[in-house]
Amino acid sequence: MKKLVALLMAMLMVLGCVPALAEVDTSEHVVITYLVTGDIPANRTDEVLAKINEKLTEKVNAELAVHWIEWTDWTTKYNLALATQSGEIDLIGTATDWLNAWPNIQKGAFLPLSEEMLQTYAPQTWANVPAENWELCSYNGEIYLIPEDEYAQWTNHGFLYRGDWAKEAGLENGVHSWADLAVYFQYIKDNKEGVIPWDANGNGSSYAPQMAGGWQTSHTPNVYIEGIGVDLFYGESKDAPYTLSNYYIEGDELVNFATEMKKWADAGYWRTDVLNYTGDVVAEMEEGLTGAHQHHTQTWTGQRTSLEKKQPGADVGFFWFGEEMGNVVGLNITHGAMAVAMTSPNPERALMVYDLLRNDPEIYRLMQYGIEGEMYSLDENGYIVRPEGFNDSTDGVSLNWWWGRRDELELRSADRDWEAIDALYAKYEEVKINYPYGRVVFDLSNIQMYLDNLSNVYNTYMPRIVFGMVDDPAAFVAEFRQQLKAAGIDICMQEIQNQINAAYGL
Amino acid sequence: MAKSKPVVNDQLSYKKPSFWQLLVQNKTLILMCTPAIIFFFVFSYMPMPGAYIAFTNFQYNKGIFNSPFIGLQNFKFLFMSGQLTLLLKNTVLYNIAFILIGNLLQLMFAILLNEVASKWFKKTTQSMMFLPYFISDVLVSLLVYNLLNYDYGFISNLVRNMGSEMAKVYQMPNAWPIIIVLVNLWKGTGYGTVVYFAAITGMDTSMMEAAQIDGANGFQRIRYITLPTLKPTVVILFLFAVGGILKGNFGLFYNLVGNNSMLFKTTDIIETYVYRSMMNSFNFAQSSAVGLFQSVVGFFIVIGANAFAKKLDPDYALF
Amino acid sequence: MSNTNNQAPVILNQPKKIKLDMSDRIIRGFTYVLVTLFSIACIIPFWMVIASSFSSEEAIRRTGFTLWPSDFSLFSYELLFRSPDQMIGAYVVTIGLAVVGTLIGLFVISMTGYALQRKDFPFRNHIMFYIYFTSLFSAGLVPFYLLIKQTLNLADTYWAILLPLLMSPWLIVLMKNFVKAIPHEITESGKIDGAGDFRIFWNLILPSMKPALATIGLFLALAYWNEWYYSSLFLSSKVPYRPLQYHLYNVINKVASLKNSIAGSKVVVEDLPGETLKMATATIATGPIILLYPFVQKYFVAGLTVGSVKG
């Protein structure tokens, strides 16, 4: 009931009148510092920020300053900034998957946000985010995160491949399974002199979990559980998500994967010393030196356009992991989220600023695209067109706003192939399930040391499985499993199962 | 353990001055040490109590000293891994190889170059030997990869052109201790030689002259004059290195080996293991625990080594 | 210092050439061969780095390196100098830090080193242990970060770089060891002349320890020159110019992050070179030091071979 009233009130506020804000004392001008990962922009960001600040000053008598956590050693610096905050930051961009939001909440890095606070100081956001989403942002009954729940995006992984070569290989409809992929690679191997089918830079530590998980979602109905740190924990299926899968402890599928990858390695689909290769696959694809790149959907949407310029007719397609089974999970609404710093001196004003950044169309577009007419214009479809010779790294604006984008306010880039992109997105929408574990916040403190050792075992064995660098796949998988047992996978599975059960009342 | 008899000048030894008298007598020397004392107090001793973090479940909102104490919990994962023996062995053996072979080579180059008359030769070669020091580990690993990789490597191509079959070096764990030691020598020799050079340059030249007049030959001069002069430097370099015997050069190993676990048996050191374990769980307390463990072990080894050095000659000891 | 004095007539007077016996010849022959080989092993990769930095990314894609610039290209350097004021600022900041830090550091280190090697200084072992101990135990990242950021409030100032690098136990011990080689008689004679300890150090000892000062100075300067870690921790965007190595490091990282952007979906990926850029940064970072090194080197190669010394 209370919520309903609040909702109504909030809606009234959105509908034109801003009287509620009048109650808030904004007589003192404050600077709200926003902590974000990214490099200090060398483009026109400062100029645009000044414009944004004019508006913010006018509306809530505050201005925004950005505290950049540069990509160099960013995990250390980000966590240090959170751990040692003393009032110098107000808003913190975070995420439950790639920025460890839950552990940081458990460690006390963020301020709990009461419903009253959100209603009063971020009324538009409060109104737009449904109650069940607020619940997914809560820990021990208190809200800590503001979710990016009004923005559809797909960052599920898969393979970017060349449509033209796929056709030549006899795959008229393109690559849609791991089996197709093998055909495609073999065709390149046999027919394209000097081309490595997939010149993977296996040195990157993220390849192993992406590939292993890719095979798993393509061959089982398993559903990935995020926020545990080691990619060994999956739910059974979308119908039985709260039962943990035994994929990594028993069964043939992992052996099949290892066997198939060994076949691929022996066939020369990637270079012999793949595990130490650090080259640039995208550039190689642009130069026609390799035929595939393993990355996520968003990357594909951009590459489809940019590769066409370098390799006309390449018709870059995307085979997504899980395509065979239709096994895909929508992105968690906290893949991007905003939190208020524990020690923020002005949490109320920080929320007011956030509310405007997220919901004020004018400010939103300044922040995301820059100054209209100067830095971009809209074409007849309402798509965004950049001026001739526009270069984002010198002429654009970068505020790395990944914590509250809204489809309603986003502009589509005119140079992307929206027909193809929309077709893929429609397919995703058709089969996807929502992330089923949003309500469980794992407390890993009791099993952390087992998880750390599992992480070591995983990162020792999985890269070799993924790139087929084994003599006897079955024996190697058996050894891997035995090491997982020794490192305590059973204890961890039990604990995680218990916490899931507790969260969902099972 | 810091106790050692103050060495007092002969003139003073008949009376035993009090502590305050000593202070007053040596006030200038003490003052001369004061900037350094303050420096180390501020930058090293002041934060040191913070090492307590290794025994806590560090809570950001409570700070280090109010976070819950959890005893040795943070140390556990390292000991539970079952890998500790291998890690210790690799870390220590690599360090011993680096210290021994490295110093031997540096010493040799310094002495030999000292015997050469051509200034031009000395200058040029010294500059050249210094260059690798500036090449970052990332670039070094690229260089090594581009030399040795099986498909396109420079050496692989050479070998193939000669009609032989190239070994798959990146799948041969036993090749890597040699490669890593070589790379380390390559990088550090020029830098390290400078230390010995300075020591040789600073030595008493009258001895050399006397020896020459007495007709000592090259070997004899090195054996009886240069080497003894360098001995204290060698001992001190050695003592210093020993304190870090459990600490590995993460950048070097991680860049050269990466996640190629086929090589781990001979290349995994404590730092790379810790990195792999905690890649996705950010935990300041646990990394502090590992550092503390390495320090404590290093500390006891140094105390032993220093006592040993002192026995040889009190002058050699660090403290 | 007379031993740097190495004029031609002196050399001509040397009986050395006549006295060159078998062992000297063996040693020299051995030295020339060994040192030449090692130097070549050092220079070739470095040359490859430079040559590759002037090549196009495509030209070195498969082989990784080249012995001669193939498909000559300045693109990497253009990218590095895209914002020249940043680059110049980085150089100025780094040189400034290196000069100031080396001078202050050298002064304190040599003073401390001298005091600690005086056998008649009763507290020397205690102080030495006090200093040495810090090389064994460090507080770890978080406490140190808190010290700089909160206790000393140095974050976003160049002090956060200058101060922590001023000295290290290792350099003090090294210095102490070098000073030890200076005959104690110098100190004694100074005492007899009635000079105070500091005056002895400043007037008598310091001038006779040029090689040691050059060595420690070189190490200090290199530490400042190569510094990127503290910069990365303590210098945020509020500081207009960051030290050179950190600046370069960021350029490389920026390229990497643009290409593999984690969350960015609207990043325009331009033709950013990866490998050649790394080579170019190495070249740029090393160049000035190579120019500087011969000046420092003067003190190591000061012709201390027996013959060239005159009294």
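Letters A, B, ... are given to chains in the order of the sequence lines, protein chains preceding strands, and every chain is numbered from 1. All values derive from a computational prediction rather than experimental measurement. Quick note: numbers below take in every heavy atom, side chains included, and nothing from hydrogens, waters or symmetry partners.
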With a 4.5 Å cut-off on heavy-atom pairs, point out which of [options] contacts chain B the most.
options: C:Leu174, C:Ile172, C:Leu163, C:Leu146; answer: C:Leu163
options: C:Ala41, C:Gly140, C:Ala285; answer: C:Ala41
options: C:Pro164, C:Ser168, C:Ser138; answer: C:Pro164
options: C:Ile131, C:Ile26, C:Val49; answer: C:Ile131
options: C:Asp197, C:Leu141, C:Thr112; answer: C:Asp197
options: C:Tyr145, C:Phe38, C:Phe144, C:Phe198; answer: C:Phe38

Tell me, side chain or backbone of C:Ile148 under 4.5 Å from chain B's heavy atoms, or both, or neither?
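It is the side chain, since no backbone atom gets that close.
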
Give, as side chain, backbone, both or neither, the part of C:Tyr114 having an atom under 4.5 angstrom from any heavy atom of chain B.
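The side chain, not the backbone.
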
Chain C heavy atoms under 4.5 Å from [X]: which part of the residue, side chain, backbone, both or neither?
X: B:Ser136; answer: neither
X: B:Leu29; answer: both
X: B:Leu239; answer: backbone
X: B:Phe109; answer: side chain
X: B:Lys247; answer: side chain
X: B:Val138; answer: side chain
X: B:Leu143; answer: both
X: B:Leu23; answer: both
X: B:Ile135; answer: side chain
X: B:Leu142; answer: both
X: B:Phe43; answer: both
X: B:Ala285; answer: neither

Can the ring centres of B:Phe40 and C:Tyr130 be said to be less than 6.0 Å apart?
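No, the ring centres sit 6.0 Å or more apart.
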
Closest heavy-atom contact between B:Glu115 and C:Arg28?
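It is O-NE, 3.0 Å.
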
Taking all non-hydrogen atoms of both residues into account, name the closest pair between C:Lys176 and B:Ala317 and its distance.
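For C:Lys176 and B:Ala317, the tightest heavy-atom pair comes out as NZ-O, 4.3 Å.
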
Which distance, rounded to the nearest 0.5 Å, do you find between the [atom1] of [X] and the [atom2] of [Y]?
X: B:Lys122; Y: C:Thr31; atom1: NZ; atom2: OG1; value: 10.5 Å
X: B:Phe219; Y: C:Ile27; atom1: CZ; atom2: CD1; value: 4.5 Å
X: B:Asn26; Y: C:Arg118; atom1: CG; atom2: CZ; value: 8.0 Å
X: C:Phe107; Y: B:Met32; atom1: CZ; atom2: CE; value: 7.5 Å
X: C:Ile40; Y: B:Thr125; atom1: CD1; atom2: OG1; value: 11.0 Å

Just by modelled atom types, is the B:Phe240 backbone N or O under 3.5 Å from a matching donor or acceptor in the C:Trp170 side chain?
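Checking the backbone N and O of B:Phe240 against the side chain of C:Trp170, no donor-acceptor pair under 3.5 Å is found.
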
Check whether any side-chain N or O of B:Ser295 sits under 3.5 Å from a backbone N or O of C:Leu136 as a donor-acceptor pair, and report yes or no.
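Pair found, side chain donor or acceptor close to backbone of C:Leu136.
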
Measure the shortest side-chain to side-chain distance between [X] and [Y] over non-hydrogen atoms and say whether it is less than 4.5 angstrom.
X: B:Val116; Y: C:Val35; value: no
X: B:Met108; Y: C:Leu34; value: yes
X: C:Tyr132; Y: B:Val302; value: yes
X: C:Pro143; Y: B:Tyr52; value: no
X: B:Pro132; Y: C:Phe46; value: no
X: B:Ser288; Y: C:Val142; value: no
X: B:Phe197; Y: C:Thr215; value: no

Option in [options] with maximal non-hydrogen atom pairs under 4.5 Å from chain C:
options: B:Leu139, B:Thr34, B:Leu131, B:Ile30; value: B:Leu131
options: B:Pro47, B:Cys33, B:Pro35, B:Gly50; value: B:Pro47
options: B:Leu31, B:Leu292, B:Val296; value: B:Val296

Using the side chain to side chain contact (heavy atoms under 4.5 Å, CB included) rule, take B:Asn306 and C:Phe129 through it: C-alpha gap first, then chi angles, then the decisive distance, then the call.
CA-CA 11 Å; B:Asn306 190 62; C:Phe129 184 80; over 6 Å; no

List the steps and the verdict of side chain to side chain contact (heavy atoms under 4.5 Å, CB included) for B:Thr28 and C:Phe201.
CA-CA 11 Å; B:Thr28 320; C:Phe201 162 72; over 6 Å; no

Heavy atoms from other residues, nucleotides or ligands near CZ of B:Phe293 exceed 12 (cutoff 6.0 Å)
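Atom CZ in B:Phe293 is packed in, count exceeds 12.
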
C:Phe30 CZ: over 12 foreign heavy atoms closer than 6.0 Å
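Atom CZ in C:Phe30 is not crowded, with 12 or fewer foreign heavy atoms closer than 6.0 Å.
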
Please state whether the rings of C:Phe219 and B:Tyr191 are parallel, tilted or perpendicular, taking 30° and 60° as the class boundaries.
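C:Phe219 and B:Tyr191: parallel rings.
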
Can you classify the ring geometry of C:Phe133 versus B:Phe299 as parallel (below 30°), tilted (30 to 60°) or perpendicular (above 60°)?
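Answer is perpendicular, since the angle exceeds 60°.
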
